[in-house]
Every structure is written in C-alpha cells, then in structure tokens.
Amino acid sequence: MRVPLSWLREYVDLPATETGREVQAKLIAAGLEVESVEQLGAGLKGPLVVGKVLTIEELEGFKKPIRFCTVDVGQANGTGEPQEIVCGARNFAVGDKVVVVLPGAVLPGDFAISARKTYGKTSHGMICSGDELGMGDWGSPRTESGGGSGGIIVLPPEHEVGTDAIELLELVDEVLDIAVTPDRGYCLSMRGVARETATAYGLPLRDPALLDVPAPNSFGYPVRVSDPAGCDRFTARTVTGLRPDARSPIWLRRRLQKAGMRPISLAVDITNYVMLELGQPLHAYDRSRVQGTIGVRRAEQGEKFTTLDGTKRVLDAEDLVITDDRGAIGLAGVMGGANTEIADTVVDAESGEAQGTTDVVIEAAHFDAVSVARTARRHKLSSEAAKRFERGVDPQAASAAAQRTVDLLVLLAGGTAEAGVTEVIAPSAPHTITMRADHPDRVAGVVYGRETVVRRLQEVGCDVYGQDSLTVTVPSWRPDLAEINDLAEEVIRLEGYENLPSTLPRPPAGRGLTERQRLHRRVGRALAGDGFVEAPNYPFVGEQVFDQLGLDKDDPNRRVVKLVNPLSDEEPALRTTLLPGLLATLRRNDGRGSHDLALFETGLVFHPRETSDGDEAALPARLPVDRRPTDEEIAAQNRALPDQPRHVAVVLAGAREQAGWWGKGRPADWADAVEAARSVARAAGAELIVQQGQYGPWHPGRCAELNVFIEHADGVADDGTEGEIVSVGHAGELHPRVIKALGLPARSCAMELNLDVLAKAGEGTLQAPGISAFPVATQDVALVVDTDVPAAVVEAFLRDGAGELLEDIRLFDVFTGEQVGAGKKSLAYALRFRAADRTLTVDEATAARDAAVARAAEVTGAVLRGA
C-alpha cells in the first residue's frame, strides 16, 4: 500500500515539520512493515509553469515528426513573450494548456534544462510529459503519444497561463510504501493507515467513513442475493445524468498515481479512489448495459464469462458471480465483466458532442474472503479488489463507500443521485470476546494494568466493558481479532515491542543435541566428505510427479497430506519422498551448464496419520501462550500431525571422477549411489544389507534394495527370531522412462533412505573403535554360488561364521564364465583377522576362515572355487 503523506495529513493533524521518515519510524514501532519512503520531486527546481500553445510548425526532412511551437507562459520567462520550443510529441494541439519547463530548471534525475539548438531551431525549454516529471502515465485523452508512454500532459483549459505547475500537479511529496501483512488488511486503505498513525501519535482521527447515509428503501435498483454465505451485504446506488466528457480533476489523478494506480476515466477513477480511501472495493456498471435484476449466485460448472481484461473464462461451480437477466456480469470481488463496462467517451465528428456512459449503478458489497481468494487464484486474477477482500474488508463500510462514490460523481461529473437505496443484508451479530484484564500481562510478562489494556483496545476500535473480566466487542474492520491472544497482541504492539524485557531462557544442564540431531549432522558430514553438495528443497509436490516417477497406483507414497492454503496450486501437497525436489534441482543445474553433479538432502517427509478406526486424526485444541503446554497437550498436538520420518537422498549425474593427467576418470553409476547409502549406514552405526530390488523410479536391473536387521526390543520372540530384516530404501540407476519424463541427464542415479528406521538398527551413540597393537592376518577366499544369490547375503554369513576375530571383509572380485559353470558366479573376498591381545598364528586365521566358509556354504550352497 502506497500512502502519500499529503493525503494522510487530511485525516490526521500531523505536525507540519513531521517528515516521512519520522512517520515511518512511528508506524514500524506500531507493528507495520513500512519498507521505504519515496521522495517525489526530489531535486526538482522551477520554473515549471502552465503554458498555452499558440502556434505549431511542422518541421520537414527529419526521420521522425518534429514540431516547432510557440507557447504563452505569461510572465514566467520574465519578458511575457511567447516561448519557442521544439517538441517531438503529437498529442497536443493549438490552444491546449500544457506544462512547460523553462531554462534554468532542473527535472527529476538531475536533468538540467537550458536553451539549445536542435533540428535547426533553438528550443528555449521543453513541453513536458508525465514520465519526464516522474508522474508516470498521465492518461491523455488523445491516443498519439510522444515524450513518454503517456504523451504530453494536456491540462484542463481553466488553468491560468503562468501558474506554478509544481504546486498544481503536487509534484513534491513523500510516499510511504507499506507491505501489508495478511492480518492487517484494514491497512490497505488510507482510513486504516490513518487510524494507526493517529494511535501512534496520540492524535484524533477524522474518519472518512463517518458520512450521512440515507436509509435503504424499496425503490432502489433491484438486487437478489441467492448465496448469503458468499455475499452477506450488497449496497446498490444509481447516479444519472453524468457528463460523458467529464474528466478526473488533477488532484484525483495525482492521488491515484501516487498510490500506484493509473487514471482511466472519471467513473472508474472515483471507484478506485474510494477503495483506496475507505478500503471498500466498488464497481460501477453502465446502467444501459445491465438488463434486469442484479443477482449474486454461484456459477454453473463450465459457465463462460468475459472479464474486463478481455479474457474469456470458464467458471467453476465454486465461483461467486454477479449476474443480470442475461447471465454473469462480474466475478464477485475479483473483476467486472466486459458486457457492462463503462463506455469510453467518443466525440462525434460532426456535432462535436461527447458520447459515453451517462447513467451508472454503483455496487458496494461484502464477499466471503475465502471464496474470493480461491476464485482469484483459480483464474490467476490478482486484482486490487481481490487483494482486499481476501484479507478482510469492513462490511459496515459498504454503505458509506457507496455514498462517497455518489457524492463524488455528483460533484465532479454533474450527475444526479437517485433517491433509491438498495441494501441486502444477512443478519449477523458483532464478534464478542471475554478476556481477563490481566491476560496481556501474563502473555508479555509485563504489568500493563487494566487501565492501559482498556485504553489500547479502545484505540483499536473495540468496545470494552467489565472490571477483572472484560467483555470486548471487536470492530467490524478487524476480522483478524478472533480470540483473546489477538487482543493481547494489540495491547503489546501498541505499548511497544521494544519495551518488552529481554530474558534469556535457562536450559537444564546436560542437555545438548538429541541423538536424532546428532545422526542428522553425522550423515551430512559423511556425504559432504564423499563429495556431495547439500541442496535443500521446498517440501511441496504436485501429485502428477508420482506418475513421472513410475509409482504403482496403490503405492503408499501416493497418499499425501494436502495443504489448505498452498503457496502454489501446482504443488498443493507435502512430499512423501525427497526425490522430486532433488531431481528438479539436478535438472535445473544441468540445464544451466553444470553437468557433473552429486547432490544430497536430508529432511522430513510426510504421511497422513490415521486413527485406529481408519479416519484421519482430529485437530487438537490450540495451545496456550500464557503458560507451558502440558505433556498431554503436546502429545495431542503430535497425534494430530502427519507421520514425519526423516529421510536422506542423493542424486548423481555426469562424471564421478574427473579425467586428467592422472587418469581417464569415470561416470557416476549405480554403484556410487549404493556406496553413498553405505556411507550413511556407517555414520548411523548400522550394517546395511544390499540385495537386488525393483521399485518405481529405478531401473529394474540396476536397483538395489537396502535393508537392515533390527533386533526385537524384548529379546528373542516367541517364534525364536531375534529380530527382523526391514527395508529402509533403494539405490541405483533411474529408469529411462523416469529420466525422459523429468528431463534428466542420461544414466542419472539416486538413493533414498529412511534415517529413522536406519537409526533403530544402529548402535546408538558411536563408540571410538579400539586399536590393536598386533598385526593383521589376511586370508582370501573365492566362493562359487548361483548367480541369483546376492553377494551381500554371502558376506553376511561369512561374517557370522568367522566369529570375533574377523575385523573386516571386502568383496574385491566377481567373475562369471565357463570356468565356474553356467548359472554360477565366483565371489572373491578379502578377510582381515586380528586379535586384541596377541598375534594370530596361521592356524588360527585359517581356522576362522574355514569356519566362515563352512557357514556360508551351509546356508547359500557356496563352494570353494577350485575345490
């Protein structure tokens, strides 16, 4: 919201010496986000005056049209003689009043004006456009432009020659740019900002909404509201006899421009002006184009409608529309329709009479905020009206806004206000909150006292009654004040956040990072040490990505938690896997020229939580802010949240080892993804069981299923088992169809693990290994097994049979061929044995090796190669 300081002073008697910077500081202290103060006309220096064009000579022989003009500027040039000026614009004629800057003046941007020879003539000054004066588009009635996007400024004829144009056009001002947060929707108006300013300075407010409004009667324009939940108030007023040639006065245009809006036509400018002033969006219909009763209803599914921007839109059944007897004439609270648009003024060539809209119907209504917000997003229409409705508009201001619009149309366009007043109002009661008088004290930890609490709430606009227990009636323009903590926040912010004491919490001794946090950090360090770069992503996904990843229709990862108010309609759900975000990052970096990539991310994924009866968990009560929540309240909150396991994922593409003088290098492949999983498992102190698998996005022949063994918490189970093997993720090369669907580099690889499950298989806090001073004994063994036996299974049983003396085991060769037979493969392992208290003999090492081989042979059918 752009707030001109000159306009703000109309409602609050600020000290004459108060600057925009000082007002900014006061409003920031009151809790508003005033981002900047723009100094309009900074460095501007006259003479800048009103001139009258006397003659125009068209200069020939140049690449573009050039005009040599004489302009009457009165005594502003010191001689009274016509001023000779060269100008390239063509949207003015002899007799027009224009803005002239004379030699010696300085325009915005430190542009000094002097007499200079150009196009064979000497130009003594310049005829100005809106852009040259820092005003933007002036909205000239003539379409030809020059000297800026809006062309030369053509002033109304009543202004005297020689008048100071700096004052006339209000070129010097300060404009506060306020970033209005969603809970401060009332500050999207001069009325709201003026109220905050008056409170901050302790000054009275001249409320522009305090107008005498006639009572509704039965002979106003007919209106029928079929959906009172979507529209609880609709005011209609009619003004007739408008002058089609009436133009917005300078002061109105300038206020719109300073507020960031473009002047269009008088009727539209007035509705925009009143919206900026009171915060109530309005719409003006050309009465001659409205047929029959104005109605409010939900659209029919697939109904078509053309908005003011000329776009033909297909409506949704949830859209709220304004209608007449023909159908839709407006998207309620968002944008009007082209079929009832205020007609452009056209001057008849023969008679010279202006023709255009003469009778208008003014709509001032209050629409449901959620309905307007969803319609605006659905149709991608972020209008000024929708921006206000979705943040909350004062329903009581509708009749005052309509009256203000009628008054301005009568004053500026010579219209006549019809006596009929239509108001359709759904019954409602003011919102009332009961609060202890000391509740803000308990929230803030500061003793304000009842008197201060009542005074601050009254300054906000509340009606307050009671002593120890206060009954607070919330003003209609503050829909954000819904409960006692909202009232407490108002007291605290108006008393000054800077006055709150700063107290450091006292954490109990001996508490540091949780084991989950330590694991998170260890995993990050391990992957970074392996050459991966962390790439955090937003946790939002669109459900179409699951099709691109090739997940089955019944895959649990397709069940998502959907957001009520997503940042993007294309990504309305929370992720169930880290891969979509990481793969999008991989694609984006590859597209920008970085082809050798190794990225990782650790973060939460989200799965819907269901109760024992299969329904989704109910929402818990809101937590208190004046005390610490109880354990039961925190547990209730956690039960209502989705399951949020922590995952880790990596993606790779391009070269894993760069080529150079040291060697050829090699590309990243599935084995690197599996090795990344092993690094994570080592950081968690868990033993990873790797076997061939098949799942969704991975290539069926190059996918490893990653498992861990988790012991039973109570020891040996009834069935004699000590634990179970649980899948924690997958790794490998992505499926070609997935790579094509997502636009990824060829042969991209990925890995994803559930860190929470992996932690259960780990040893908890990692212990530093003992270092033996005795030498290691190495034994190699080659086993022949069936080709479908996973190497990880053979390794697991070798480790099981070798006993405590085995320090390490490593697979160093895999061989298939005629020598080992069809359907067979040879797995060669290096076994390292060491004792902590002695040097092992050859017989001890050989016995341990033989025991390992015997155990693997017993379970997997392995045979020593060459035996």
Side-chain angles (χ1 to χ4, degrees), residues 516 519-520 522-524 526-527 530 532 534-537 539 541 545-546 549-552 555-560 574-583 585-586 598-607 643-653 668-710 723-735 738 742 748-762 790-793 795-796:
R516 194 186 196 202
L519 175 59
H520 181 201
R522 288 201 304 270
V523 167
L527 291 175
D530 288 344
F532 290 85
E534 187 170 15
N537 294 281
V541 295
V545 75
F546 301 128
L549 290 176
L551 300 187
D552 293 336
D555 193 292
N557 280 339
R558 284 184 176 269
R559 293 189 63 247
V560 295
L574 292 172
R575 66 190 178 191
T576 55
T577 166
L578 299 182
L579 289 183
L582 264 183
L583 293 175
T585 302
L586 179 75
L599 310 175
F600 83 94
E601 180 180 7
T602 57
L604 302 179
V605 299
F606 306 85
H607 298 280
D643 287 325
Q644 301 177 58
R646 184 176 292 278
H647 281 206
V648 59
V650 306
V651 293
L652 303 104
D669 61 16
W670 62 268
D672 295 301
V674 174
E675 184 57 32
R678 288 197 173 99
S679 293
V680 172
R682 285 193 293 270
E687 187 70 32
L688 204 61
I689 302 172
V690 182
Q691 63 185 40
Q692 186 173 358
Q694 184 171 344
Y695 179 69
W698 281 278
H699 191 296
R702 298 166 189 160
C703 173
E705 182 180 347
L706 310 173
N707 304 299
V708 291
F709 180 78
I710 299 179
E724 61 178 335
I725 295 178
V726 178
S727 175
V728 291
H730 295 81
E733 183 179 314
L734 294 176
H735 198 289
V738 174
L742 295 176
S748 294
C749 301
M751 175 277 291
E752 184 167 11
L753 286 173
N754 186 323
L755 275 181
D756 288 351
V757 176
L758 190 67
K760 293 179 182 178
V793 173
E795 178 182 323

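This one's a predicted model, so the numbers in the text were calculated from it and none came from an experiment.
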Answer yes or no: is there a side-chain heavy-atom contact under 4.5 Å between R646 and L519? no

Residues at least two apart in sequence or cross-chain that pass side-chain contact (heavy atoms from CB on, under 4.5 Å) with V674, listed by chain then number, are W670, R678, V690, A704, A731

Nearest 0.5 Å, what's the CG-CG distance between L753 and L706? 5.5 Å

Check the pair C749 / D672 against side chain to side chain contact (heavy atoms under 4.5 Å, CB included), numbers first and verdict last. CA-CA 8 Å; C749 301; D672 295 301; over 6 Å; no

Here the pair of heavy atoms bringing V650 nearest to A676 is CG2-CB, 4.0 Å

Could you tell me whether a side-chain N or O of E752 sits under 3.5 Å from a main-chain N or O of T577, the two making a donor and an acceptor? no

Shortest non-hydrogen contact from A653 to S748? CB-OG, 3.9 Å

Show the numbers, then the answer: is there a side chain to side chain contact (heavy atoms under 4.5 Å, CB included) between D530 and F600? CA-CA 11 Å; D530 288 344; F600 83 94; over 6 Å; no

Would you say D669 and E733 make side-chain contact, with heavy atoms under 4.5 Å? no

Compare every heavy atom of L582 with every heavy atom of A535, then report the nearest pair and how far apart it is. O-CD2, 3.9 Å

Return the minimal non-hydrogen interatomic distance between L578 and H647, and the atom names on each side. CD1-O, 3.5 Å

Minimum side-chain heavy-atom gap T602-E534 below 4.5 Å: yes

Do side-chain atoms of R575 reach the backbone of L604 as a donor and acceptor pair under 3.5 angstrom? yes

Within this structure, what is the CG-CG distance for the pair L579 and L734, rounded to the nearest 0.5 Å? 7.5 Å

Taking the side chain as every heavy atom from C-beta outward, state whether L755 and P645 have any atom pair closer than 4.5 Å. no

Nearest heavy-atom pair of V541 and F546: which atoms, and what distance? CG2-CZ, 4.3 Å

Can you name the one residue among I725, V708, V728 that meets side-chain contact (heavy atoms from CB on, under 4.5 Å) with I689? I725

What verdict does the side chain to side chain contact (heavy atoms under 4.5 Å, CB included) test give for L583 and L549, after you've listed the backbone C-alpha separation in whole Å, the side-chain angles of each residue and the deciding distance to 0.1 Å? CA-CA 10 Å; L583 293 175; L549 290 176; 4.0 Å; yes

Side-chain polar contacts of residues 694-701 - donor-acceptor pairs under 3.5 angstrom, sequence neighbours left out - could you list them?
| from | atom 1 | to | atom 2 | distance (Å) |
| --- | --- | --- | --- | --- |
| Y695 | OH | D555 | OD1 | 3.3 |
| Y695 | OH | D555 | OD2 | 2.9 |
| Y695 | OH | N557 | ND2 | 3.1 |
| W698 | NE1 | G732 | O | 3.4 |
| W698 | NE1 | A750 | O | 3.0 |
| H699 | ND1 | G701 | N | 3.0 |

Please report the closest heavy-atom contact between V680 and M751, naming both atoms and the distance. CG2-CE, 4.4 Å

Using 4.0 Å as the upper bound for N to carboxylate O, is an ion pair formed by D552 and R558? no

Are the side chains of L758 and L688 in contact, using a 4.5 Å heavy-atom criterion? yes

Please report the C-alpha distance between L527 and V648 in whole Å, then the side-chain angles of each, then the deciding distance to 0.1 Å, and finally whether the side chain to side chain contact (heavy atoms under 4.5 Å, CB included) criterion is met. CA-CA 10 Å; L527 291 175; V648 59; 3.7 Å; yes

Quick one: side-chain contact (heavy atoms from CB on, under 4.5 Å) partners of E705, sequence neighbours excluded? Q691, N707, S727, H730

Straight-line distance of E687 CD to R682 CZ, nearest 0.5 Å: 9.5 Å

